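Just follow the structure's listing: the first ligand is 1, and inside any ligand the first atom is 1. Computed from a prediction, not measured in an experiment: that's the story for all the values here. If you read the sequence from its start, that first residue is 1, and numbering goes on from there.
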Amino acid sequence: MRDPTSFLRQEYEELVRQELDWKLRILGGPSTPWCIVDGKKVLMFCSNNYLGLSNHPKLKAAAIEAVQTHGAGSGSVRPIAGTMDLHMELERRLARFKMAEASLVYQTGFAANAGLIPQLAGKGDVIISDELNHGSIIDGVRLSSAERRVYKHADADDLANVLAESEKASPQFRRILIITDGVFSMDGDMAPLDKIAALAAEHGAMVYVDDAHGEGVLGMGGRGIVSHFGLHREKVQVEMGTFSKAFGVVGGHVSGSRDLVNFAYNKSRTWTLSGSHPPAVVAACIAAIDVLESEPQHVERLWENTRYFKKAMVDLGFDIGRSTTPITPVMVGDSGKAKRLSSRLFETGVLALPIVYPMVAQGKARIRTIMHAALTKEDLDLAIGAFETAGKELGIIPKPS
Ligand SMILES: Cc1ncc(COP(=O)(O)O)c(C=O)c1O
């Protein structure tokens, strides 16, 4: 007889045997530079809460007030009875912040990618995607019936080749959609968006950038990668992002033309068929934009800390890959060793988690550190010291002879 569920345990146990399973760490309070994790006070070195906004007094006050004025939930999906004045205000404020004609807010960034990508390209079209794009882009592409082509990571020359090859298809592709992460979440490097946009313009292709790790980090006042490269909106037609990282709350979004937004909210199934954000979330997102517009010091501190940490780690002999942003991977290679390094760091008071296969390729395990604007120099020195001690113990950096 067939056993309908035995695979559940077998597959889980196999992950455990290969040291590829997730062990959840539990925060006993807010995500702050020093926080309580599994009952222990540690330095937070791996949160996406780059600017500390998740615990900012203005965001918390806005969330509490919205519960009083608008209740705990929205009651519906956006197109039926779940669009409140707050949702509309958030979209207006976001469009202004992104310097776009219009913006649309989704429940999550994953929902934006999974709901919008398959609508932008379908049968008779081609999607051309960076080989290291985020899983939510990959799943969005899989949901499309367009042809898929992949170019080498952040390699504009290879993209040019793939575009030239795609032009030879017969019958001709109706649309060409190029998709890239802005900042690559596992490596902390940036897409050459200026070159991508120029190539797209030559071929009449549309550019879709996922700026989840660029907003609040790159560009003028944290406006993101389009601002960082000073690109014109018409050259990057779809700027997707999330409120779950530097904005400190939760929710996905897209910005671009009014046509894009009108199209997206009528076509994205993740948007039309899923409940809208509760008022507290929406109000906190609006407050996050307020903070970014009025308190530039957070982005400045983030970059000061990033430069300090990266230099110290390179001086110690760590391999930080090709990172140029506040995401700094510390390369280890073997997944078991990466897990042991993370455990040693935790014992000495630093939370920095290992990233292993399948999130990165086999043999490319790493500790992914993410900088926080509110860490002090003393905090950074403590973390650097913990990396040095554990790195020497585990033979990741050389011990003095
Ligand atoms: C590049 C990228 N895109 C999209 C997402 C999904 O965003 P969200 O957390 O809002 O679903 C993430 C989050 O891990 C990400 O890193």
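Note on residues 348-357: no pairs pass salt bridge (charged side-chain N to carboxylate O under 4.0 Å, His left out), not counting sequence neighbours.
For an aromatic pair to be called close, the ring centres must be under 6.0 Å apart, and Phe318 with Phe309 fails this.
Ser136 and Asp139 share no side-chain donor-acceptor pair at under 3.5 Å.
Applying the ring-ring contact (aromatic ring centres under 6.0 Å, His included) test to Phe184 and every residue at least two apart in sequence or in another chain returns His153. In this structure Tyr265 satisfies the ring-ring contact (aromatic ring centres under 6.0 Å, His included) test together with Trp271, sequence neighbours excluded.
Around ligand 1 you find Thr108, Gly109, Phe110, His134, Ser136, Asp181, Ser185, Asp210, Ala212, His213, Thr242, Ser244, Lys245, each with a heavy-atom distance below 4.0 Å.
Lys23 has a carboxylate O that lies under 4.0 Å from a charged side-chain N of Asp21, or vice versa, which qualifies the two as a salt bridge.
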